[in-house]
There are 2 protein chains.
Amino acid sequence: MAARPSGAKSKGGTPAGGSPRPAPGDEPALSLERIVATAVDLLDAEGVDGLKMRRLADRLGAGAMSLYWHVASKEAVFDLALDRVLAYRAPPDMAGPGDWREDIVHMLEDWRESMLRHPWSASLLPRRALGQNILIRLELLGRALAKAGVAEADLNGAIWSLWNYVIGATITRASFDLTDDDRAAGQQRLTSEAYPTIERSRLLLDNDWDGAFRKGLDFLLDGLARGR
Amino acid sequence: MAARPSGAKSKGGTPAGGSPRPAPGDEPALSLERIVATAVDLLDAEGVDGLKMRRLADRLGAGAMSLYWHVASKEAVFDLALDRVLAYRAPPDMAGPGDWREDIVHMLEDWRESMLRHPWSASLLPRRALGQNILIRLELLGRALAKAGVAEADLNGAIWSLWNYVIGATITRASFDLTDDDRAAGQQRLTSEAYPTIERSRLLLDNDWDGAFRKGLDFLLDGLARGR
DNA sequence: GATTGACTCGTACAGCGTACGATGCGATTT
DNA sequence: AAATCGCATCGTACGCTGTACGAGTCAATC
């Protein structure tokens, strides 16, 4: 019996060591890195319900139980896959004296795009927050808002307002992405039942999601900048 | 073999008939109504992962497979439980000439509270939208915004902005509810790593969620009312 | 050469959703 | 009264899941 590494270790930067196993057949050997990357691929291809430990192991050319040396549980795979997808490389001028508003919009739009590129991430987020990369984004958000002159007492509220908006917009958008004829069916239901207003505005069709996202974000930023 | 009713039929108003079965032992007989209500109880008590068909049947004093006469699948149980929890009784003056802003705030705060009363609903929502009661709320939202003078072309965007915000705020709040020492651990992590801004503002602790929700909502409504 | 520790994997098990067919029972038809 | 029918219930069984367990492999170390 051996002790488990279990948690996701954050290696410094260097791999720090030669390849530990030259691979028996042809595969490049198992590693947390490879497991997470493959999990993301699998999630992209098959969705949340499509991720099974056996299937993931197959893709890696490994036995199902081998994964458990690197990973504590299937839940942990979800956590790691989610956080990996949310990585953010801030533009170099972000720390500088650039326009704070532009910085925020850029980061939040990137956030949204990252999640929409991997729609499963939106439905995973509610259950597990607070990964490494999420914290980085929150930190950047806090800095930009402080730069914008938001009072320290209002900072947390401002951060969470923006966070809430992005999360909500992204989750909604992602969940409406897959079901295309469901939307038509829904709109049909509007017609037959008593929802005249949203039926007339064709709420479930023809939506400019990107534009709406940007507009609401502007409203929020206006309010936050005006302070209180 | 018998045909399934499968979908959730919306009975008119009257039960339209005597009790179909006087119950063999003591139980008040199975029904969709009772199944959904019990599912909500079970979800409240045990969370999303705690809902198993066998356990649900046990609580109902029925065999596991009996549920499938009334319900197409476990997924359908989730759908029905979610929609049930989101029912909304609009105050009678909502259709009248009352303050539109008050109407909206009331409905959205009620929405948020309803979901927070059943935290599992927040994590369920991303996967399945568009239940009956959600549509009702969207319709009411649309009417109030129209009353507020929002141009028809901007109506959908305005509805979705508010929806997004509420969903995001609620999901975030709900997912931060259960993990109390996780929050402390998270805050601890902030200290040891490089997140000075949000560490100083104690982002993960001491949050006035309700106040922040209301403030962000006001910003959004300000922006929407100002038109554009 | 013996030992150790990192790593892999085959087998096995409990628990899940649910397909299927048998069964019971009130109402309807004959 | 007897036969039929449709709604509703449930026992059994099947395929699939996550993963506990322990045996196995190999490189590095002593």
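Residue numbers start from 1 in every chain, and the chains themselves are labelled A, B, ... in the order their sequence lines are given, proteins ahead of strands.
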The side chain of [X] lies closest to which of these nucleotides: [options]?
| X | options | value |
| --- | --- | --- |
| H70(B) | dT9(D), dG11(D), dG17(C) | dT9(D) |
| Y68(A) | dA6(C), dT19(D), dA8(D) | dT19(D) |
| A62(B) | dT9(D), dT8(C), dC10(D) | dC10(D) |

Rounded to whole angstrom units, what separation is found between the [atom1] atom of [X] and the [atom2] atom of [N]?
| X | N | atom1 | atom2 | answer |
| --- | --- | --- | --- | --- |
| M53(A) | dC9(C) | CE | P | 13 Å |
| D58(A) | dT17(D) | CG | P | 10 Å |
| K52(B) | dG18(D) | NZ | P | 14 Å |
| M65(B) | dA13(D) | CE | C1' | 11 Å |
| K74(A) | dG15(C) | NZ | P | 18 Å |
| L30(A) | dT25(D) | CG | P | 19 Å |
| I35(B) | dT9(D) | CD1 | P | 8 Å |
| E75(A) | dT17(D) | CD | C1' | 13 Å |

Between the base of dG15(C) and the side chain of R54(B), is there any donor-acceptor pair under 3.5 Å?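 Checked by distance alone, the answer is no.
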Base, sugar-phosphate, or nothing for L51(B), non-hydrogen atoms under 4.0 angstrom?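 L51(B): backbone/sugar contact only, no base atoms under 4.0 Å.
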Base, sugar-phosphate or nothing for A57(B)? Non-hydrogen atoms, less than 4.0 Å.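 Counting heavy atoms under 4.0 Å across all strands, no contact is made by A57(B).
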Before accepting this row, confirm whether a basic side-chain N of the pair K52(B)/D58(B) lies closer than 4.0 Å to the acidic partner's carboxylate O.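 Salt bridge between K52(B) and D58(B), a charged N being under 4.0 Å from a carboxylate O: no.
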Between R89(B) and D110(B), is there a salt bridge with N-O shorter than 4.0 Å?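 No, D110(B) and R89(B) are not salt-bridged.
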R34(B) (side chain) donor-acceptor with A29(B) (main chain) under 3.5 angstrom: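 Judged by distance alone, yes, a pair lies under 3.5 Å.
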Does any donor atom in the side chain of T172(B) or W163(A) lie under 3.5 Å from an acceptor atom in the other side chain?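 Short answer, yes.
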So, does S66(B) get its side chain near the phosphate of dC10(D), meaning an N or O under 4.0 Å from OP1 or OP2?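 Looking at the OP1 and OP2 atoms of dC10(D), one of them is under 4.0 Å from a side-chain N or O of S66(B).
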Ring-plane angle category for Y165(A) and F213(A), please: parallel below 30°, perpendicular beyond 60°, tilted otherwise.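 Y165(A) and F213(A): parallel rings.
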